[in-house]
Amino acid sequence: MSDALAGPDGALRCPWALSTEDYVSYHDEEWGRPVHGDDALYERLCLEAFQSGLSWITILRRRPGFRAAFADFEIASVAAFTDADKERLLGDPGIIRNRAKIEATVANARVLADWAPGELDELIWSFAPDPATRPVPKRLADVPAVTDESTALSKTLKKRGIRFVGPTTAYALMQACGLVNDHLEDCTVRSAP
């Protein structure tokens, strides 16, 4: 028996997606779809770090504010942020004003600015498990919070100088960016292109 529930349009979806219209849209159009590009993956990495300890809806609703505050998450631009920029961010009501997370976002951009173009994309995607080796989740309880791959990704990123990316955050990144497909078996989006 699947945990998938019918949405307002009658289509079955992962139950977490039905609590708000924002979630329905995010679930149907973004979550689990492949994301490539260093800046795009840096954005997702940063937003997952900001989400740590909070509800994802809090981050999702502030995403436009985050994009405005962090120069659309262009790595080179954020790497050039100064102490004055960090203080500006601490006063920005459009984002989560957590000093440690802001510092990590800027520090991570500085690390990534020294990487070769495409290196972040290649590194993250190298941890994508073979879909044939993963059971299709039927119930929410079948979806892990951490996997061997997310633990290895977290360790590798930390060794390379990336902060605020534990195994749970790494797995959330893998889910959000399509490295794994954790849509439930009966979810209408599971087999969407």
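These figures come from a predicted structure and were not determined experimentally. As a basis for the values below, the full set of heavy atoms in this structure was taken, side chains included, without hydrogen atoms, waters or symmetry mates.
- For the pair Arg139/Ser2, no side-chain contact is recorded, criterion being any heavy-atom separation below 4.5 Å from C-beta on.
- Within the 4.5 Å cutoff, the side chain of Thr105 has no heavy atoms near those of the Phe164 side chain.
- No side-chain donor-acceptor contact under 3.5 Å links Ser154 to the backbone of Ser150.
- In terms of hydrophobic clustering, with Ile, Leu, Val, Met, Phe, Trp and Tyr side chains grouped at heavy-atom distances under 4.5 Å, Trp16 and Leu12 are assigned to different clusters.
- No more than 12 heavy atoms of other residues, nucleotides or ligands shown are found within 6.0 angstrom of CG on Asp148.
- Centroid-to-centroid, the aromatic rings of Phe70 and Phe73 come within less than 6.0 Å.
- A salt bridge between Glu119 and Arg160 is present, with a side-chain N of the basic residue lying under 4.0 Å from a carboxylate O of the acidic one.
- Crowding of Lys155 atom NZ: a count of heavy atoms from other residues, nucleotides or ligands under 6.0 Å not exceeding 12.
- Of the possible donor and acceptor atoms, none in the side chain of Tyr42 sits under 3.5 Å from a partner among the backbone N and O of Leu112.
- Glu43 is listed as a side-chain neighbour of Arg67, based on a closest heavy-atom distance under 4.5 Å.
- Listed for the Asp38 side chain is a donor-acceptor partner under 3.5 Å among the backbone atoms of Asp121.
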Show the atom names and distances, to 0.1 Å, of all donor-acceptor pairs under 3.5 Å that link a side chain in residues 44-58 to residues at least two apart or in another chain.
from, atom 1, to, atom 2, distance (Å)
Arg44, NH1, Ala40, O, 3.0
Gln51, NE2, Leu54, O, 2.4
Ser55, OG, Ile57, N, 3.3

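- Note that CG of Asp142 is 11.0 Å distant from CZ of Arg134, once rounded to the nearest 0.5 Å.
- For the pair Arg13 and Val24, the minimum side-chain heavy-atom distance is below 4.5 Å.
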Check: Would Thr82 and Asp85 satisfy side-chain hydrogen bond (donor to acceptor under 3.5 Å, both in side chains), going step by step from the backbone distance to the final call?
Finding: CA-CA 5 Å; Thr82 64; Asp85 289 310; 3.2 Å; yes

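- Within the model, atoms CD1 of Ile95 and CG of Leu89 stand 4.5 Å from one another, a figure rounded to the nearest 0.5 Å.
- Between Arg190 and Glu185 no salt bridge is recorded (no basic side-chain N to carboxylate O distance below 4.0 Å).
- Around the CZ atom of Arg110, the shell of radius 6.0 Å holds more than 12 heavy atoms that belong to other residues, nucleotides or ligands.
- Salt bridge annotation for Arg97-Asp92: absent, with no cationic side-chain nitrogen under 4.0 angstrom from a carboxylate oxygen.
- For Asp182 (side chain) and Val143 (main-chain N/O), no donor-acceptor pair under 3.5 Å exists by modelled atom type.
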Next item on the list: Take Asp22 and Arg61, measure what salt bridge (charged side-chain N to carboxylate O under 4.0 Å, His left out) needs, and give me the verdict at the end.
Entry: CA-CA 8 Å; Asp22 293 333; Arg61 288 182 174 158; 2.6 Å; yes

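- A donor-acceptor contact shorter than 3.5 Å is absent between the side chain of Asp72 and the backbone of Glu74.
- Using modelled atom types, one side-chain atom of Asn108 and one backbone atom of Arg163 make a donor-acceptor pair closer than 3.5 Å.
- His183 contributes a side-chain N or O that, together with a main-chain N or O of Trp31, makes up a donor-acceptor pair within less than 3.5 Å.
- Residues Val180 and Pro129 form a side-chain contact, since some pair of their non-hydrogen atoms from C-beta on lies under 4.5 Å apart.
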